[in-house]
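Some notes on the structure that comes next.
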There are 2 protein chains.
Amino acid sequence: MVMERPVQKRTLETRARLIAAAEAAVARTGFEALRVEEIVLAAGVAKGTFFAHFKDKDALMDLLIGSRIDAHLDAIETAPAPRSPEDLVDRLMPLMTFMTCERYVFDVILRRSGAAAIEDIGPIARTFERYVRVVSTWIAGSTFRRDVPPDILAEGVQAFAIQVMALRFCALHVGDGLREPLLTFLDAWLCPRVRPSD
Amino acid sequence: MVMERPVQKRTLETRARLIAAAEAAVARTGFEALRVEEIVLAAGVAKGTFFAHFKDKDALMDLLIGSRIDAHLDAIETAPAPRSPEDLVDRLMPLMTFMTCERYVFDVILRRSGAAAIEDIGPIARTFERYVRVVSTWIAGSTFRRDVPPDILAEGVQAFAIQVMALRFCALHVGDGLREPLLTFLDAWLCPRVRPSD
DNA sequence: CAACAGATATGACCACGGTCAATTAAGGAG
DNA sequence: CTCCTTAATTGACCGTGGTCATATCTGTTG
């Protein structure tokens, strides 16, 4: 007879130990310096066990980074509709600051923001959908332009945010903050001031 | 006495052989499957020699991919100003198709599009500047909106192009072409139709 | 309880990018 | 031509992510 076995308690414990060890290591040395070896040693399991729980190192990163992004979204999603592009930028700033805390983190985010197959859509990819949903809702309740649907506008906001973050790691533009350039784009995107005769 | 020695002929030959071997391998199996070992064997040099010529594997990829992007830009830069967003999309399509020919290629492009230090700005990063310059020139000669400077508009075009290409590798949107979604964005970006009273 | 089946864990092993002290070639000076 | 300095090349070696056949554990069934 076919028996569907529930996940063993042991499994959850091991997984929790791995994640805890990883978080601790990140807190100590940041994301980039994280080594699978290090996690496995701290968690007291064999290397192979790590890969029984996570498809690869990126999958763990996805989880850790994704949960931080989610925390940022939790903090802002219930905010009222922004009154201006400045408002919008203010809300997005903490998230963007986190996303650019390390070059490596930003790379992982880009790599994981879209998944090749439905079955391996990871936490980060989900946060990207959520991001668009949140921003779209804000825009729907705002006084920004109405000639384009809110979800398209929201995707545009995401595109500009990524553009600006990428610029931050570019030698030519380093030192420029995130805020000012993003504001330039969002102002033009959300509040176009073309003359009607044009 | 201080003698500045010119680069030896041998060096150029070795470098040329490495690049030729790499190009041949790419033609055979694509970018992703490229192995340093393979290149080095085909070129008849030791592994260490490879890294004497290229900082790392990514640097070679940067070169190969960058030169292809440049070829695409060569082909379109002298075109006259686009009359419509459709026109603009048409011109950008071949380049975008190349950039998304392999997931790995797109990843390299993203990773290399900005350089951490001035001294290691690579070919791809340069093509990104060139891209913006070309599009900016087009826009300056077009009938698109005038309330935002052409170079900002051009950077926006780049941001949307990247957004759309990223979407292409996303399971949820696979199958959507590049053209239609990009057109949606560029229409809203370049030809906003807000009512003056808004 | 014993026997069993499937889920978990193990660690030796591999693939591949990258390093570096040692070696060899190039070509100018005498 | 020989000597000498610097550039170029070599390949054994390393770090790290990832695999997989084997061993162990767990909960179930009779």
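Since the model is a prediction, treat every value here as computed from it, not as a measurement. Each chain gets a letter, A, B and so on, in the order its sequence line appears, and its residues count up from 1.
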Quiz prompt | Among D:dT9, D:dT26, C:dG11, the nucleotide that comes nearest once only the side chain of A:Q8 is considered | solution = D:dT26
Practice problem: Give a yes or no on whether a salt bridge exists between B:D74 and B:R130, defined as a side-chain N under 4.0 angstrom from a carboxylate O. | Solution: yes
Practice problem: For residues B:P82 and B:F144, determine if any side-chain heavy atom of one lies less than 4.5 Å from a side-chain heavy atom of the other. | Solution: yes
Practice problem: Indicate, with yes or no, if B:L167 and A:V148 share a hydrophobic cluster defined by side-chain heavy-atom contacts under 4.5 Å among Ile, Leu, Val, Met, Phe, Trp and Tyr. | Solution: no
Quiz item: Could you state the CZ-P distance from B:F54 to D:dA8, rounded to the nearest angstrom?
Solution: 14 Å
Practice problem: Report yes if a side-chain nitrogen or oxygen of A:H53 is closer than 4.0 Å to either non-bridging phosphate oxygen (OP1 or OP2) of C:dT8; otherwise report no. | Solution: no
Quiz item: Under a 4.0 Å N-O cut-off, is there an ion pair linking B:D107 with B:R111?
Solution: no
Self-check item: Distance in Å, B:F128 CZ paired with B:R112 CZ, rounded so as to fall on 0.5 Å steps
Solution: 13.0 Å
Quiz prompt | Hydrophobic cluster membership, B:I109 vs A:L110, 4.5 Å side-chain cutoff | solution = yes
Quiz item: In residues 11-23 of chain B, which residues come under 4.0 Å of DNA chain D by heavy atom?
Solution: B:T11, B:T14
Quiz item: More than 12 heavy atoms of other residues, nucleotides or ligands under 6.0 Å from CD of A:E13: is that the case?
Solution: yes
Quiz item: Cationic tip of A:R145 within the cone over A:W189's six-membered ring, i.e. under 6.0 Å and within 45° of the normal?
Solution: yes
Quiz item: Is B:R103 salt-bridged to B:E32, going by a charged N under 4.0 Å from an acidic O?
Solution: no
Self-check item: A:L95-A:I124 co-clustered via ILVMFWY side chain contacts under 4.5 Å
Solution: yes
For nucleotides 16-19 of chain C, print each protein N/O atom paired with a nucleotide N/O atom at under 3.5 Å, atom names and distance only.
unit_1, atom_1, unit_2, atom_2, d
C:dC16, OP1, B:R35, NE, 3.1
C:dG17, OP1, B:K57, NZ, 2.9
C:dG17, OP2, B:V36, N, 3.2
C:dG17, N7, B:K47, NZ, 2.9
C:dG18, OP2, B:K57, N, 2.7
C:dG18, O6, B:K47, NZ, 3.2

Quiz item: Is A:R193 salt-bridged to A:D187, going by a charged N under 4.0 Å from an acidic O?
Solution: yes
Quiz item: Whole-Å distance between D:dG17 C1' and A:I39 CD1?
Solution: 11 Å
Set out, line by line, the N/O atom pairs under 3.5 Å between protein and nucleotides 21-24 of chain C.
none

Exercise. Find the distance A:E38:CD to D:dG18:P and express it as a whole number of Å.
Key: 15 Å
